[in-house]
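To start, the structure itself, in structure tokens.
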2 protein chains.
Amino acid sequence: MKAEIIAVGTELLMGQISNTNAQFIAEQLNELGISHYIQTVIGDNPERLIQVTKQAEKRSDIIIYTGGIGPTRDDLTKETLAQYLDEPLAIDEEAWQSIQASFKGRIMVDSNKKMALAFTHGTTLPNHSGQAIGSIIEKGKHKYIILPGPPSEMRPMFMQYVRDYLLEESETKVIKSRFLRFFGIGESLLADKLDDLTIQDNPTVATYASDYINMVRVTASGNHLVEVTDLLETAVKQIKSRVGEYLFAEGKEMTPADALKNYLVDTNQTIGFSESLTGGLASATLVNVPGASKVLAGSIVAYSSQIKHQILGIPQEILDTDGMVSEPCAKAMAESALEKLDTDVAISFTGVAGPGKMEGHKPGTVYVGYAFRHKPTEVIKYQLTGNREAVRKRIIYTAFLHITN
Amino acid sequence: MKAEIIAVGTELLMGQISNTNAQFIAEQLNELGISHYIQTVIGDNPERLIQVTKQAEKRSDIIIYTGGIGPTRDDLTKETLAQYLDEPLAIDEEAWQSIQASFKGRIMVDSNKKMALAFTHGTTLPNHSGQAIGSIIEKGKHKYIILPGPPSEMRPMFMQYVRDYLLEESETKVIKSRFLRFFGIGESLLADKLDDLTIQDNPTVATYASDYINMVRVTASGNHLVEVTDLLETAVKQIKSRVGEYLFAEGKEMTPADALKNYLVDTNQTIGFSESLTGGLASATLVNVPGASKVLAGSIVAYSSQIKHQILGIPQEILDTDGMVSEPCAKAMAESALEKLDTDVAISFTGVAGPGKMEGHKPGTVYVGYAFRHKPTEVIKYQLTGNREAVRKRIIYTAFLHITN
């Protein structure tokens with residue numbers, strides 16, 4: 001079973017957007033165990049759509065289209081394929097009523113009706129996040145799957161309807177994945193450590209990096225759940241034995257901020273920050289996690305030396321003698337925040353984001369103070385690499401995970 | 001003159017990365033006035049590379065390849081094309097020395113040498129951001145341009161060497177762009193207001209949205225600089241007359257935080273924040289701008305009600321009677337920050353990020369206090385839409401631009 005992806009949209013050819021739909025579908029096909037060797041992008045052009053469809057038919061069994069099913073006169077994916085395949089289209093009444101309802105009170109033009117077009121002999125894919133419905137039509141030995149262009153509509157439609165359809169087409173019966181999240185290990189080093197695992201067939205192991213976090217996906221397939229679960233467990237054990245020290249969570253979406261929030265909720269503790277280097281980003285990162293208000297009291301962002309003295313009460317002597325980027329300053333900042341914000345834990349960040357030096361310290365030098373209600377304050381000096389944003393995000397994740405460990 | 005893009009890389013087919021190279025090159029081709037109707041993605045597979053190259057030759061004059069020129073045994077783009085085109089490859093000595101130098105002290109394997117391969121009858125494209133050199137080879141009526149896969153290497157190589165090469169191939173002599181940045185107008189409304197301009201040929205007008213900011217690119221081409229500048233000026237005037245009230249900056253990279261920092265530097269003022277809803281993100285957003293330390297004193301992030309009272313000194317009466325999400329609270333928060341941080345301007349943020357209601361207010365309800373050293377405090381109530389992140393970012397940008405206006 002081979003599939004290929006054809007993305008239709010002039011905005012892709014203009015470079016206005018990146019083809020993230022292809023990435024999403026490719027990942028799904030890979031998880032489903034369906035082979036996939038080629039992706040094509042074309043504009044909203046009927047002639048070229050037929051041309052690339054003919055080429056795709058020679059190579060693949062399943063052709064997945066994204067885009068070109070909206071209300072404008074350029075949107076012609078369904079109409080073009082209907083003509084090419086000689087398969088009639090008709091208005092799906094349910095979809096059409098739902099489109100009309102969504103326009104309540106707003107001006108609606110005739111062309112909106114075409115978003116409710118479906119293949120008479122095909123399967124309709126409802127669009128719960130937008131208007132234009134998708135469609136699956138089988139003809140000869142080919143299956144044509146037509147999906148919307150906006151990722152916010154395409155993804156839920158794929159997950160809800162197309163995934164199960166493809167799973168039936170796939171030769172494997174059970175497919176399951178586990179996701180491991182790592183921080184503090186470089187992407188290439190991680191890939192290198194897992195090199196032999198990434199070339200094996202079942203389970204497949206793939207590494208991804210985003211927002212300074214590395215994710216490893218392990219996907220196994222087989223005929224029975226027990227067999228698949230065992231395969232996954234064995235691979236996860238192997239991975240943990242090699243790079244387990246950098247693992248901070250299991251799951252697709254977990255961040256160090258989630259890990260910190262969960263830890264604080266579990267141990268019934270509150271937290272506060274005193275931030276110089278990070279300028280409020282430590283607090284803002286934790287605030288992003290739903291339910292953060294349960295554990296976060298606040299943060300004192302003392303960017304200037306004067307505010308460090310006035311608001312945090314850092315002794316002028318420390319600022320003059322040791323400097324803002326120093327162990328004593330980080331200690332005093334953390335302890336001041338602990339007291340002023342009246343929390344169980346307080347973290348301070350002071351250092352050099354770069355690009356220039358500060359107080360003689362090179363970029364990436366950071367002192368983090370960890371103050372606790374019931375144990376002595378700890379200060380750790382870190383030396384990080386990367387640009388301003390990288391230094392800030394990395395030190396925040398490092399500190400969050402230092403608390404949870 | 002027609003061009004097409006072939007991206008080579010199994011990681012693209014696995015869905016590990018999105019094809020941002022195609023987006024970048026597409027945008028460039030569009031700016032350069034070179035037609036471009038199709039993009040293809042394949043894995044590191046010689047047979048398929050030749051297959052799609054043959055198809056591309058039928059449609060296009062210029063074929064641009066990205067990826068498959070690194071050191072691993074899978075990287076075969078240059079070798080495959082050399083064999084297919086019957087054009088010899090040889091080690092570029094300069095590139096090879098530079099690769100050896102970059103490995104100083106690290107273990108280097110033989111396969112690194114292939115990154116210095118260049119077409120004997122072609123043009124070498126030096127790689128100043130990595131090791132693998134690019135290449136341009138002309139054969140028959142086709143031009144084959146081979147670039148690295150990593151965007152951090154491909155982009156500078158394209159800008160430094162390929163752009164000028166393509167400009168010579170393009171029929172136009174002078175091409176210039178201007179970028180206008182908008183905030184506070186929806187993407188679809190902006191596109192609608194400029195609809196007639198986006199379908200014209202010269203200048204071309206395109207709209208993009210990212211991080212809640214809308215950008216309009218105007219690109220004009222012609223034989224003389226004066227002619228091109230005039231075309232741009234006329235189009236920019238038309239755009240300003242329609243949506244000028246939402247324009248906050250001209251330039252490719254400017255953000256509302258840049259605009260705020262520039263305004264404060266120009267007027268010799270300092271700023272501080274007192275944040276509830278935004279949890280430190282207002283301060284962190286300004287800190288991201290180089291040189292922010294000149295204007296930013298700090299921020300008091302009072303996430304809990306208790307801290308609002310204790311640190312900001314918000315009267316318990318206001319918190320009990322009016323609530324945290326109220327005009328009096330926003331006013332007191334801004335004035336407290338102004339005094340405690342001793343700045344010329346202070347902005348407070350209190351509101352509901354969602355998804356649930358708070359104190360009876362629906363998500364997106366935000367009060368922003370603007371306190372000034374030399375004029376009375378102002379509080380504005382806003383009603384925003386979107387998820388937690390959207391509400392936070394939008395209100396921060398709104399407040400930043402309220403100060404600069």
Side-chain angles (χ1 to χ4, degrees), chain A residues 12-20 22-30 36-43 45 48 52 55 206-208 272-273 275 278-284 286-288 290 292-293 296-304 306-307 310-311 340-342 353 355 388-389 392, chain B residues 12-20 22-30 36-43 45 48 52 55 206-208 272-273 275 278-284 286-288 290 292-293 296-304 306-307 310-311 340-342 353 355 388-389 392:
Chain A
L12 289 161
L13 290 185
M14 301 284 279
Q16 285 168 23
I17 52 171
S18 174
N19 191 8
T20 54
Q23 181 185 7
F24 178 87
I25 297 172
E27 198 187 347
Q28 290 295 325
L29 291 174
N30 196 37
H36 159 238
Y37 300 116
I38 192 157
Q39 298 165 2
T40 313
V41 175
I42 53 169
N45 177 300
R48 254 183 301 272
V52 296
Q55 287 167 359
T207 63
Y208 308 73
F273 301 99
E275 309 186 50
T278 46
L281 191 62
S283 172
L286 186 55
V287 162
N288 241 346
S293 58
L296 175 65
S299 176
I300 299 169
V301 183
Y303 210 57
S304 71
Q306 198 186 339
I307 297 303
Q310 280 173 19
I311 307 280
K340 288 189 192 298
L341 300 171
D342 191 24
R388 290 157 63 89
E389 185 195 279
R392 289 197 172 107
Chain B
L12 287 161
L13 289 185
M14 300 283 279
Q16 285 167 25
I17 52 172
S18 173
N19 192 7
T20 55
Q23 181 185 8
F24 177 86
I25 296 171
E27 198 187 347
Q28 290 295 324
L29 292 174
N30 197 37
H36 159 238
Y37 301 116
I38 192 156
Q39 299 166 2
T40 313
V41 174
I42 53 168
N45 177 300
R48 253 182 303 270
V52 295
Q55 287 167 358
T207 63
Y208 308 73
F273 301 98
E275 309 186 50
T278 47
L281 191 62
S283 172
L286 186 55
V287 162
N288 241 345
S293 58
L296 176 65
S299 177
I300 299 169
V301 182
Y303 209 57
S304 71
Q306 196 185 342
I307 297 304
Q310 280 172 21
I311 307 281
K340 288 191 192 298
L341 301 170
D342 190 23
R388 289 158 64 88
E389 187 196 277
R392 290 196 172 107

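Every chain is numbered from 1, with letters handed out A, B, ... down the list of sequences.
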Select, from [options], the one with the greatest count of heavy-atom pairs under 4.5 Å involving chain A.
options: B/Pro290, B/Pro355, B/Ala26, B/Ser299; value: B/Ser299
options: B/Ile25, B/Ile17, B/Leu29, B/Leu286; value: B/Ile17
options: B/Leu296, B/Thr20, B/Leu281; value: B/Leu296
options: B/Ala353, B/Ser304, B/Gly15; value: B/Gly15

Item to check | Interatomic distance, B/Ile300 atom CD1 to A/Lys340 atom NZ [nearest 0.5 angstrom] | outcome: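 The CD1 atom of B/Ile300 sits 10.0 Å away from the NZ atom of A/Lys340.
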Item to check | Atom pair NE2/CG of B/His36 and A/Leu13 - distance to nearest 0.5 Å | outcome: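 Atom-to-atom, B/His36:NE2 and A/Leu13:CG are 5.0 Å apart.
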Item to check | Any donor-acceptor N/O pair, B/Ser18 side chain to A/Gln23 backbone, under 3.5 Å | outcome: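 No; zero donor-acceptor contacts below 3.5 Å.
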Report yes if some heavy atom in the side chain of [X] is under 4.5 Å from a heavy atom in the side chain of [Y]; otherwise report no.
X: B/Gln55; Y: A/Gln55; answer: yes
X: A/Ile38; Y: B/Val52; answer: yes
X: A/Asn288; Y: B/Arg392; answer: yes
X: B/Tyr303; Y: A/Ser293; answer: yes
X: A/Ile307; Y: B/Leu341; answer: yes

State, to 0.1 Å, how close [X] and [Y] come at their nearest heavy-atom pair, and which atoms those are.
X: B/Gln39; Y: A/Leu12; value: NE2-O, 3.4 Å
X: B/Arg388; Y: A/Val287; value: NH2-O, 2.9 Å
X: A/Ala284; Y: B/Gly280; value: CB-C, 3.9 Å

Checklist entry - Pick from A/Gly272, A/Ala282, A/Ala297, A/Ala292: which one has the most heavy-atom pairs with chain B under 4.5 Å? => result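 Most pairs with chain B among the choices: A/Ala297.
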Next on the checklist: Among A/Glu389, A/Gln310, A/Gln306, A/Glu27, which residue has the highest count of heavy-atom pairs closer than 4.5 Å to chain B?
Outcome noted: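 Result: the option with the highest number of such pairs is A/Glu27.
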Is [X] close to chain B through its backbone or its side chain, or both, or neither, when contacts mean heavy atoms under 4.5 Å?
X: A/Asn19; result: backbone
X: A/Glu275; result: neither
X: A/Ala302; result: backbone

Item to check | Those residues that, when tested against B/Gln28, pass side-chain hydrogen bond (donor to acceptor under 3.5 Å, both in side chains) (two or more places apart) | outcome: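 Only B/Arg163 meet the side-chain hydrogen bond (donor to acceptor under 3.5 Å, both in side chains) criterion with B/Gln28.
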Checklist entry - By a 4.5 Å heavy-atom criterion (distance strictly below it), what part of B/Ile311 contacts chain A: side chain, backbone, both, or neither? => result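 Only the side chain of B/Ile311 comes within 4.5 Å of chain A.
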